[in-house]
Amino acid sequence: MEKKRICKEIYVGLAIFALSLFIAFILIPNQIAVRSASSESSSITTRTFPLLATGLIGFSALIHSISYFFKYLKIKKTEEESESVPTKVNMRGEIKALLVFGLFLLYGILFDIFGFVISSLLVPPLVLFLLGSRNKYHYISIYVFNILIFLIFQFLLNIPLIR
């Protein structure tokens, strides 16, 4: 069972890496026109932040897949194939996962309607609560992170996040 989970992790990491390559080399060049951030010739353009974010996601996914590949090799070496007993499905965990997915969909809808600020104030604390986190520092860190993102976009990148 552990080998199957590790294989899934490898495939998901490779799929995210491939998706990031598609976004970086096809979507971003076709969808985002190149405009300089200032009137002078500059290396910061409208594509800089999307390419940086996509590159970081792709790099992280590749590192993830490589690390799980080494775990797979280690398990394959040490594990003898044996008959596995079917496991029971944890319905409570499955329902919780579906609710978290629903909250992410709600975040996307709220983001589209109200923008970053309102959606980020409401949905992430609900996700933490649903996942069972009662530590107040987790909630505080969400708000601090959202304030940092807001300040970076508003004042450093000059991209308004309030609708």
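Throughout, numbering of the chain's residues begins at 1 and tracks the sequence.
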Cluster overlap F116 with F145, hydrophobic side-chain contacts below 4.5 Å: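 Shared cluster, yes.
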I'd like to know if L121 and I147 are part of one continuous hydrophobic network [Ile/Leu/Val/Met/Phe/Trp/Tyr, side-chain heavy atoms within less than 4.5 Å].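 I147 and L121: one cluster.
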Taking atom [atom1] of [X] and atom [atom2] of [Y], what is their separation to the nearest 0.5 Å?
X   : Y   : atom1 : atom2 : result
R47 : I28 : CZ    : CD1   : 8.5 Å
C7  : K71 : SG    : NZ    : 13.0 Å
I10 : K3  : CD1   : NZ    : 11.0 Å

Would L103 and L106 satisfy side chain to side chain contact (heavy atoms under 4.5 Å, CB included), going step by step from the backbone distance to the final call? CA-CA 5 Å; L103 284 174; L106 176 67; 4.1 Å; yes
Can you find a heavy atom in the side chain of L156 that is under 4.5 Å from one in the side chain of L151?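 Contact flag for L156/L151 side chains = no.
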Kindly give the heavy-atom pair with the smallest separation between [X] and [Y], and that separation in Å.
X    : Y    : result
A24  : P29  : O-CD, 3.3 Å
S119 : P124 : O-CD, 3.6 Å
F155 : N158 : O-OD1, 3.6 Å
S120 : N146 : O-ND2, 3.2 Å

Ring center gap for F153 and F49 short of 6.0 angstrom: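 Yes, the ring centres sit under 6.0 Å apart.
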On the 0 to 90° scale, with breaks at 30° and 60°, tag the H64-Y68 ring pair as parallel, tilted or perpendicular.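 H64 and Y68: tilted rings.
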Does the cation-pi check pass for R5 over Y72, that is, NZ or CZ under 6.0 Å from the six-membered ring centre and within 45° of its axis?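 Cation-pi check for R5 and Y72: fails.
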